[in-house]
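What follows is a short report on a single structure.
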Protein chains: 2
Amino acid sequence: MQKTVPHAAGLHRASLKKLHDLDAALELMYYGWRGMTLSADQYLATLGLSRPHHRILYVVARQPDVSIGSLIEILGISKQALNRPLSLLLERKMLTSRRSPEQHRSKLLRLTEAGKRTEQRASDYERKVVSEAFDRVGPRGAAAWMAVMGAIADSN
Amino acid sequence: MQKTVPHAAGLHRASLKKLHDLDAALELMYYGWRGMTLSADQYLATLGLSRPHHRILYVVARQPDVSIGSLIEILGISKQALNRPLSLLLERKMLTSRRSPEQHRSKLLRLTEAGKRTEQRASDYERKVVSEAFDRVGPRGAAAWMAVMGAIADSN
DNA sequence: TTCTAAGGTCAATATAGTTGACTTGAAGAT
DNA sequence: ATCTTCAAGTCAACTATATTGACCTTAGAA
């Protein structure tokens, strides 16, 4: 049986006094991240999965036959941290793992049909949220959003 | 002594194949959140503080004399989860806690000067990242970003 | 005085990660 | 054929951030 759905922290976008011009932007980033992932996380929770499982499924969907080592690099976590969620996904037959056809040392990961379905549904929840937001501001607004986020993402 | 700075997961924005039109947007949200908080988190880490401490400081800065109960509601965490970081901030004299002047039941939280300084510096790191990104797209782009994020944040 | 609300604390648990120290299994080199 | 190397896998101990549940204290209100 599933656990009760976790608490969905700070859902109700508290209206705090703004000390600076950009405070609204900081808060929007926080609530935006939450808003985008909330429905996907709720869906995943019904399957006993969570964010790290989705991240694995997402990456493997977009890079079939990725090795475990590459996956570790892409996700930026240790192999020990990867181990638990990855094992669960293999056990649940959402992923397959095989040695490379040339009998290489590394294992290659792929999604099964069930894995593809789950990845797609979870990502669909996120895309739906973004898509509806983009619809409200039109293509120029969407492009501006992407440009801002790209600049922020690359700011390190 | 501080611990070695944690691993800064998935820094290098892996270029994954895009299965859907909006995949780039999903990835940008992930890396955008990371990009905005990274330098602030590194600064906080030098003080032995982390995200939850910053969230507390941020809220108290913008709602002085907030009660513990309200803080719990705003942050969306349990009082037990609040307890640790809050105690540390009190111990470090970044916050003061006093009973209401009318000897009320609730305690009122305020930032000390040290608390204000830390809150400001940490938030400055985040504002700087956002500000530079906004500069690249102009006021209309910034407004579009805010509109998209607002729509995403309110999508639940 | 007893009830209630706010705060505080303790214990147990979950999740998501870390480092360190190994083992296993397959390739490649000598 | 053994030895070495490297990817993968496993085990243990730890940290941090959260959760519930149970319980206690404090202080105002009925």
Side-chain angles (χ1 to χ4, degrees), chain A residues 1-11 30 34 37 41-42 44-45 47-56 60 65-91 95-109, chain B residues 1-11 30 34 37 41 44-45 47-56 65-91 95-109:
Chain A
M1 201 46 222
Q2 284 322 117
K3 223 146 290 148
T4 53
V5 171
H7 195 259
L11 237 181
Y30 179 79
R34 285 246 148 343
T37 55
D41 285 341
Q42 284 170 347
L44 290 162
L47 303 175
L49 302 177
S50 57
R51 200 115 292 274
H53 304 103
H54 186 197
R55 289 208 284 151
I56 294 169
V60 178
D65 285 340
V66 66
S67 73
I68 291 188
S70 305
L71 190 52
I72 284 166
E73 264 187 60
I74 293 168
L75 297 176
I77 60 176
S78 63
K79 68 180 166 173
Q80 296 90 331
L82 179 63
N83 186 49
R84 290 268 189 149
L86 183 63
S87 303
L88 182 65
L89 292 173
L90 287 165
E91 197 183 290
L95 288 179
T96 57
S97 146
R98 57 183 186 109
R99 297 278 168 187
S100 143
E102 312 86 6
Q103 285 309 92
H104 234 359
R105 277 185 278 216
S106 56
K107 285 190 179 176
L108 307 181
L109 301 171
Chain B
M1 199 47 217
Q2 285 321 119
K3 224 144 289 150
T4 54
V5 171
H7 195 256
L11 239 181
Y30 179 79
R34 285 244 148 344
T37 55
D41 284 343
L44 289 162
L47 304 174
L49 303 178
S50 56
R51 199 112 294 274
H53 304 103
H54 186 197
R55 289 208 285 151
I56 294 169
D65 285 341
V66 67
S67 72
I68 291 186
S70 305
L71 191 52
I72 284 167
E73 264 187 60
I74 293 168
L75 297 176
I77 60 175
S78 63
K79 68 180 165 174
Q80 295 91 331
L82 178 63
N83 186 50
R84 290 269 189 146
L86 183 62
S87 303
L88 181 64
L89 293 173
L90 287 165
E91 196 184 289
L95 288 179
T96 57
S97 146
R98 55 184 187 108
R99 298 276 168 186
S100 144
E102 313 86 6
Q103 283 311 92
H104 235 359
R105 276 184 280 215
S106 56
K107 284 190 179 176
L108 308 181
L109 301 171

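Letters A, B, ... mirror the listed sequences (proteins, then strands); counts begin at 1.
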Tell me, do [X] and [Y] make a side-chain contact under 4.5 Å, heavy atoms counted?
X: L44(A); Y: R51(A); value: yes
X: I56(B); Y: L95(B); value: yes
X: L109(A); Y: S67(A); value: no
X: V60(A); Y: L89(A); value: no

If you check every side-chain atom of [X], which of [options] has the closest atom?
X: K79(B); options: dA18(D), dA22(D), dG17(C); result: dA22(D)
X: N83(A); options: dG7(C), dA8(D), dT10(D); result: dT10(D)
X: Q80(B); options: dG25(C), dA18(D), dA22(D); result: dA22(D)
X: S106(A); options: dC11(D), dA8(D), dA22(D); result: dA8(D)
X: A81(A); options: dA16(C), dT18(C), dA8(D); result: dT18(C)

Between [N] ([atom2]) and [X] ([atom1]): distance, integer Å:
X: L86(B); N: dT9(C); atom1: CG; atom2: P; answer: 10 Å
X: L109(A); N: dA7(D); atom1: CG; atom2: C1'; answer: 12 Å
X: I72(A); N: dG17(C); atom1: CD1; atom2: P; answer: 12 Å
X: L82(B); N: dG8(C); atom1: CG; atom2: P; answer: 9 Å
X: D41(B); N: dG17(C); atom1: CG; atom2: P; answer: 15 Å
X: R99(B); N: dA5(C); atom1: CZ; atom2: P; answer: 16 Å
X: R84(B); N: dA18(D); atom1: CZ; atom2: C1'; answer: 12 Å
X: I56(A); N: dA16(C); atom1: CD1; atom2: C1'; answer: 12 Å

Any [X] side-chain nitrogen or oxygen under 4.0 Å from OP1 or OP2 of [N]:
X: S50(A); N: dA16(C); value: yes
X: S78(B); N: dT19(D); value: yes
X: K107(A); N: dA26(C); value: no
X: R55(A); N: dG17(C); value: yes

Practice problem: Determine yes or no for a side-chain-to-main-chain donor-acceptor pair under 3.5 angstrom, with S70(B) supplying the side chain and V66(B) the backbone. | Solution: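 No.
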Exercise. Could you check whether S67(A) gets within reach of a base, just the sugar-phosphate, or nothing at all, counting any heavy atom under 4.0 Å?
Key: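 Contact class for S67(A): sugar-phosphate only.
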